[in-house]
Amino acid sequence: MKKVIIGILTFVLAFATLFTMTACDKIVKLEISLSVYNADASTSEEKTITFDMYENLASDAANAVRDAVNGGAYDDCVFYVQSKDRGVTISDQLMFGGLKKSGNSYVKVEQASVPGAEFLKNGIEGSNLKNVKGYLGLWRGWDSWKGYSTSGFERSYATVFMPTVDSISSYDGNFCVFAKYSTEDDLAVIESVIALLSNADNYTEYTCYYSANADGTLKLDAQNEPIWNIVLTENFDEAENVYDSAEDDGNADPVDTQYDSYTVKILNANRLSITGIKIK
């Protein structure tokens, strides 16, 4: 009888261990299909990148991205590099989900918010995911006069960033990293996408800015929201009524630069286009 009980307990323990391991290793696959230009062959090639989203580590982030994919929130979105956000230089990562193709231009996309911290400080502590090339994190908003490291950790959005350099250590502890490339083949495709940014023939640079009133204050629309604009950088000097916090002589916090102009480099469609995105 004792042997039977021990055998049952051993089986139960083994099953519990297996269940725990399976639960801890729960991975959701994010697959992005691309048409990527190969400069050596002077032709575009169909590629896919698969990312492992670690749902057990960052369920809110994984669910937000899943909802964005299934709900079409990423449709027509493009990869781009942005020069700064709220006065902070952020050019060391590819962004996705914040700009969408619209006719011959682009529009700004407001992705769903992802409230609640995951990991300590909504960052990398508590997981083995890092702010390095090939990993994905959720972008976040912050108060520009405080910086992203001191303005709270609840203001993430389903806009995704991926470092284009070996490491962005300053992001550690301040952003939720939730996914990484699945295989070395995926990393090779990521490297080829990043390499396109080294040649100005592969992308077009735009300048984004907010409209100003005649007195230099920030102009608001009927919904009381700032008016965002995007133009080719080569045409930016011709733009009128551009808001500049340094010239706002009355209504802006003097150190609040979140509505100042910034540039984006968007990879040209004949160099990189997204042909599909799905959850596997």
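Just so you know, these numbers use all the heavy atoms, side chains as well, and skip hydrogens, waters and symmetry mates. Only a predicted model underlies this, so the values are computations on that prediction, with no experimental measurement involved.
Using modelled atom types, no side-chain atom of Ser156 and backbone atom of Val114 make a donor-acceptor pair closer than 3.5 Å. One N or O on the side chain of Asn229 and one on the backbone of Ile227 form a donor-acceptor pair closer than 3.5 Å. Side-chain atoms of Asp92 do not come within 3.5 Å of backbone N or O of Val165 as any donor-acceptor pair. In this structure a side-chain-to-backbone donor-acceptor pair under 3.5 Å is missing from Asp85 to Val88. Under the 3.5 Å distance criterion, the side-chain polar atoms of Gln223 are left unmatched by any main-chain donor or acceptor of Glu225. Side-chain atoms of Ser59 never come within 3.5 Å of backbone atoms of Asn56 as a donor-acceptor pair (strictly under, hydrogens ignored). Formation of a donor-acceptor pair under 3.5 Å by the Gln111 side chain with backbone atoms of Ala73 is found in this model. Remark: the backbone N or O of Val231 is not paired with any side-chain donor or acceptor of Asn235 at under 3.5 angstrom.
Using modelled atom types and a 3.5 Å distance limit, the side chains of Asp52 and Ser182 yield a donor-acceptor pair. When only modelled atom types and interatomic distance are considered, Asn268 and Thr204 share a side-chain donor-acceptor pair under 3.5 Å. Counted by atom type alone, Asn38 and Ser44 present zero donor-acceptor pairs between their side chains at under 3.5 Å.
Note: the hydrophobic cluster containing Ile279 also contains Ile27 (ILVMFWY, side chain heavy atoms under 4.5 Å, direct or indirect links). Both Leu232 and Val78 belong to a single network of hydrophobic side chains, linked directly or stepwise wherever heavy atoms of I, L, V, M, F, W or Y lie under 4.5 Å apart. Residue Val242 is not grouped with residue Ile230 when hydrophobic side chains (ILVMFWY) are merged at heavy-atom distances under 4.5 angstrom, including chains of intermediate members. One hydrophobic cluster, built from ILVMFWY side chains closer than 4.5 Å, cannot hold both Ile274 and Val107; they sit in different ones. Follow the hydrophobic side-chain contacts under 4.5 Å out from Tyr106 and you never reach Tyr209; the two are in separate clusters.
Between Phe236 and Tyr206, a ring centre-to-centre spacing not shorter than 6.0 Å is recorded. For Tyr210 and Tyr259, the ring centers are positioned less than 6.0 Å apart. Between Tyr54 and Phe178, the distance from one ring center to the other does not fall under 6.0 angstrom. In this structure, Phe161 has its ring center closer than 6.0 angstrom to the ring center of Trp139. Ring to ring, Tyr181 and Phe51 are not that close: their centroids are 6.0 angstrom or more apart.
Heavy-atom minimum distance, Cys77 versus Val109: SG-CG2, 4.4 Å. Nearest approach of Val81 to Leu94, heavy atoms of both residues: CG2-CD2, 4.0 Å. Contact between Leu138 and Ala158 at its shortest, heavy atoms only, is CD2-CA, 4.1 Å. Residue Ile168 comes nearest to Pro163 through the heavy atom pair CD1-CB, 3.8 Å, listed as atom of the first residue, atom of the second, then distance. Here the closest non-hydrogen pair linking Thr263 and Thr207 is CG2-OG1, 3.6 Å. Closest approach of Pro226 and Leu218 over heavy atoms only: CG-CD2, 3.9 Å.
The stretch residues 187-201 participates, sequence neighbours left out, in these salt bridge (Lys or Arg N to Asp or Glu O under 4.0 Å) pairs: Lys133-Glu191. Screening residues 263-280 for salt bridge (Lys or Arg N to Asp or Glu O under 4.0 Å), with sequence neighbours left out, gives Glu31-Lys278, Glu31-Lys280.
Within 6.0 Å of CG on Asp166 lie no more than 12 heavy atoms contributed by other residues, nucleotides or ligands.
Partners of Asp186 according to the salt bridge (Lys or Arg N to Asp or Glu O under 4.0 Å) rule, which considers only residues two or more places apart in sequence or in another chain, do not exist here. For Lys130, there are no salt bridge (Lys or Arg N to Asp or Glu O under 4.0 Å) partners at least two apart in sequence or on another chain. In this structure Glu45 satisfies the salt bridge (Lys or Arg N to Asp or Glu O under 4.0 Å) test together with Lys47, sequence neighbours excluded. Remark: Lys100 pairs with no residue by the salt bridge (Lys or Arg N to Asp or Glu O under 4.0 Å) rule, at least two apart or across chains.
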**Message:** Assess the residue pair Glu110 and Tyr157 against the criterion (side chain to side chain donor-acceptor pair (under 3.5 Å)); give the C-alpha distance rounded to whole Å, side-chain angles, the decisive distance to 0.1 Å, and a yes or no.
**Reply:** CA-CA 8 Å; Glu110 297 293 342; Tyr157 302 90; over 6 Å; no
* Full working for side chain to side chain donor-acceptor pair (under 3.5 Å) between Ser245 and Asp260 -> CA-CA 6 Å; Ser245 61; Asp260 286 343; 2.9 Å; yes
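Between atom CG of residue Asp244 and atom OG of residue Ser261 there is a gap of 7.0 Å, rounded to the nearest 0.5 Å. For the atom pair Glu247 CD and Thr217 OG1, the distance stands at 12.0 Å (nearest 0.5 Å).
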